Amino acid sequence: MAVDAATAPSELGSSIRGEGEVAAKPLPSADAPAAQESLEELDQRYAPYARRDAYGPMGRGPLGAAEAARTAVAAAVLLPLRVVAGVLVLVAYYLVCRVCTLWVEEERAGGQGEGYARLQGWRRAWVVRCGRALSRAMLFVFGFYWIREHDRRFPDAEGKDLGQSELLERPGAIVSNHVSYVDILYHMSSSLPSFVAKRSVARLPLVGLISKCIGCIFVQRESKTSDFKGVSEGTTTNGDYLLPFKTGAFLARAPVQPVILRYPYKRFSPAWDSMDGARHVFLLLCQFVNYLEVVHLPVYYPSEQEKDDPKLYADNVRKLMAVEGNLILSDLGLAEKRVYHAALNGNNSLPRALHKKDD
């Protein structure tokens, strides 16, 4: 289904509601903790974060004998090989970035290193080429041996000069649904764009230098423990839902490239929804084959009305992606995800969960 860039939000919204839209629900208060709800009620309330695979909520669900045996064998044989291979790939790219930043002064703002976004010439070329190749190698290590891509960027390309068409279609930003940390590896292997990341990423061993070299934009995530107002970030879902977009990518009034990521699965879902990071990486590495499907939609050109209203622009792109990707719209966010996780962990202190500091 194609939607014109100038289509009114009401028209788009009505088409989405036919697919089934989930509206944001108020957060439960401390007087009525969500932990008292049944698992089914929690999964319904926080549907974008509910895990549907064989491993259940938080990856701690009961496993059958066959699945448990399969995981045990993979943990003994496959996991060590993948860990070693993954570390080698990461170190290799770190060394590339280290060489490319020799005798280059790091850009600084507020006394903190902000990166090497202005790398030029051979330095930038090596960061990009090696980054794309090694990111694909890391995906292979994670079990994504084949990536199925559907390119709809040029639906009427027959008989046209593709070189000129590609130049005209060049977008200012890539807009994608966020399902897993694997998303980052795919986008790095595909085009190596700059990412928005919380400031603490810049201080991580190995990854910190890499993130600076690829031009990450570091932001201070909004603190829930003080009066400091930082940047409110998005979060991942189980892959069936699409959360609201932030307006940052739409402020430039430039065209954007919508990309939809899907992770088909049989037993373990690569979606990072309601599971801690270490457990998720462990189970992902123990799965012999993982699947990723990517849909590149046509570049979205904003109307004059959308250029003047970034919120409208972001909403219309989001609704288009929901229709094309058969995704359900939800207005839930990071705060609700924290409440859901706290409830699954049996934590009745919901205000404390809401005020957890990330950075």
Side-chain angles (χ1 to χ4, degrees), residues 22 34-35 37-64 67-72 74-75 78-79 82-83 86 138-139 141-144 176-186 197-198 200-201 204 207 221 233-243 261-292 327-328 330 332-350 352-354 356-359:
V22 177
E37 297 182 84
S38 68
L39 179 59
E40 292 74 17
E41 290 172 330
L42 284 172
D43 286 350
Q44 184 177 7
R45 179 187 289 269
Y46 304 106
Y49 314 121
R51 198 160 188 85
R52 312 293 186 187
D53 64 5
Y55 289 80
M58 306 295 287
R60 300 170 182 168
L63 296 178
E67 187 64 30
R70 186 183 294 110
T71 302
L78 188 59
L79 178 64
R82 283 182 167 174
V83 169
M138 186 67 84
L139 285 170
V141 169
F142 272 68
F144 294 91
S176 175
N177 58 326
H178 194 15
V179 184
S180 173
Y181 47 82
V182 179
D183 302 352
I184 299 172
L185 290 175
Y186 169 74
K198 59 183 181 180
S200 60
V201 171
L204 294 175
V207 175
R221 175 177 274 188
E233 288 190 287
T235 187
T236 53
T237 70
N238 58 17
D240 296 329
Y241 290 79
L242 189 60
L243 304 184
L261 304 179
R262 302 191 186 102
Y263 294 86
Y265 65 92
K266 295 180 179 179
R267 296 186 300 274
F268 176 76
S269 170
W272 190 21
D273 36 40
S274 61
M275 191 183 301
D276 67 82
R279 182 182 294 271
H280 191 278
V281 172
F282 170 80
L283 292 175
L284 185 68
L285 293 178
C286 286
Q287 186 159 256
F288 182 71
V289 180
N290 291 296
Y291 302 94
L292 171 58
L327 302 172
I328 304 172
S330 173
L332 300 186
L334 183 59
E336 289 86 351
K337 188 175 187 179
R338 287 170 175 157
V339 174
Y340 179 55
H341 285 190
L344 291 177
N345 284 313
N347 183 1
N348 290 336
S349 180
L350 295 183
R352 181 179 179 183
L354 282 173
K356 181 181 178 182
K357 187 176 181 181
D358 287 88
D359 192 6

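Predicted, not measured: the structure shown is a model, and the values here were computed from it. One-based numbering along the sequence shown.
Atom CE of residue Met275 and atom CZ of residue Phe282 lie 11.0 Å apart, to the nearest 0.5 angstrom. Expressed to the nearest 0.5 Å, how far OG of Ser274 lies from CG of Asn345 amounts to 9.5 Å. For the atom pair CZ of Phe268 and CG of Leu283, the computed distance is 4.5 Å after rounding to the nearest 0.5 Å. Note that CG of Leu243 and NZ of Lys337 are 8.5 Å apart. Values are rounded to the nearest 0.5 Å. Distance check, rounded to the nearest 0.5 Å: CG of Asp53 to CG of Asp273 gives 7.5 Å. Taken from NE2 in His341 to CD in Glu336, the straight-line distance is 12.0 Å, to the nearest 0.5 Å.
Looking at heavy atoms from C-beta onward, Phe144 lies in side-chain contact with Pro270 at the 4.5 angstrom threshold. Counting only heavy atoms from C-beta outward, the side chains of Leu285 and Leu78 never approach each other to under 4.5 Å.
Arg262 places no side-chain N or O within 3.5 Å of a backbone atom of Tyr291 that could act as its donor or acceptor partner. Side-chain atoms of Asp183 come within 3.5 Å of backbone atoms of Ser180 as a donor-acceptor pair (strictly under, hydrogens ignored). Between the side chain of Arg51 and the backbone N or O of Ser269, at least one donor-acceptor pair lies under 3.5 Å.
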Task: Residue pair Leu139, Val182: steps toward the side-chain contact (heavy atoms from CB on, under 4.5 Å) verdict - done: CA-CA 8 Å; Leu139 285 170; Val182 179; 3.6 Å; yes
TODO: Could you please spell out the steps behind the side-chain contact (heavy atoms from CB on, under 4.5 Å) verdict for Tyr49 and Thr235?
DONE: CA-CA 10 Å; Tyr49 314 121; Thr235 187; 4.0 Å; yes
- [ ] Show your working on side-chain contact (heavy atoms from CB on, under 4.5 Å) between Leu39 and Leu344 and close with a plain yes or no.
- [x] CA-CA 8 Å; Leu39 179 59; Leu344 291 177; 3.7 Å; yes
- [ ] Go through Tyr263 and Asn290 one step at a time and tell me if the side-chain contact (heavy atoms from CB on, under 4.5 Å) criterion holds.
- [x] CA-CA 8 Å; Tyr263 294 86; Asn290 291 296; over 6 Å; no
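Residues forming a salt bridge (charged side-chain N to carboxylate O under 4.0 Å, His left out) with Arg279 (at least two apart in sequence, or on another chain): Asp276. When the side chain to side chain donor-acceptor pair (under 3.5 Å) test is applied to Arg70, the partners found at least two apart in sequence or on another chain are Glu67. For Asp240, there are no side chain to side chain donor-acceptor pair (under 3.5 Å) partners at least two apart in sequence or on another chain.
Ring geometry, His280 versus Trp272: the interplanar angle falls from 30° to 60°, so the pair is classed tilted.
The closest side-chain donor-acceptor pair between Asn177 and Tyr241, if any, does not fall under 3.5 angstrom.
Scanning both residues, Leu332 and Pro48, for their nearest heavy atoms gives CD1-CD, 3.7 Å.
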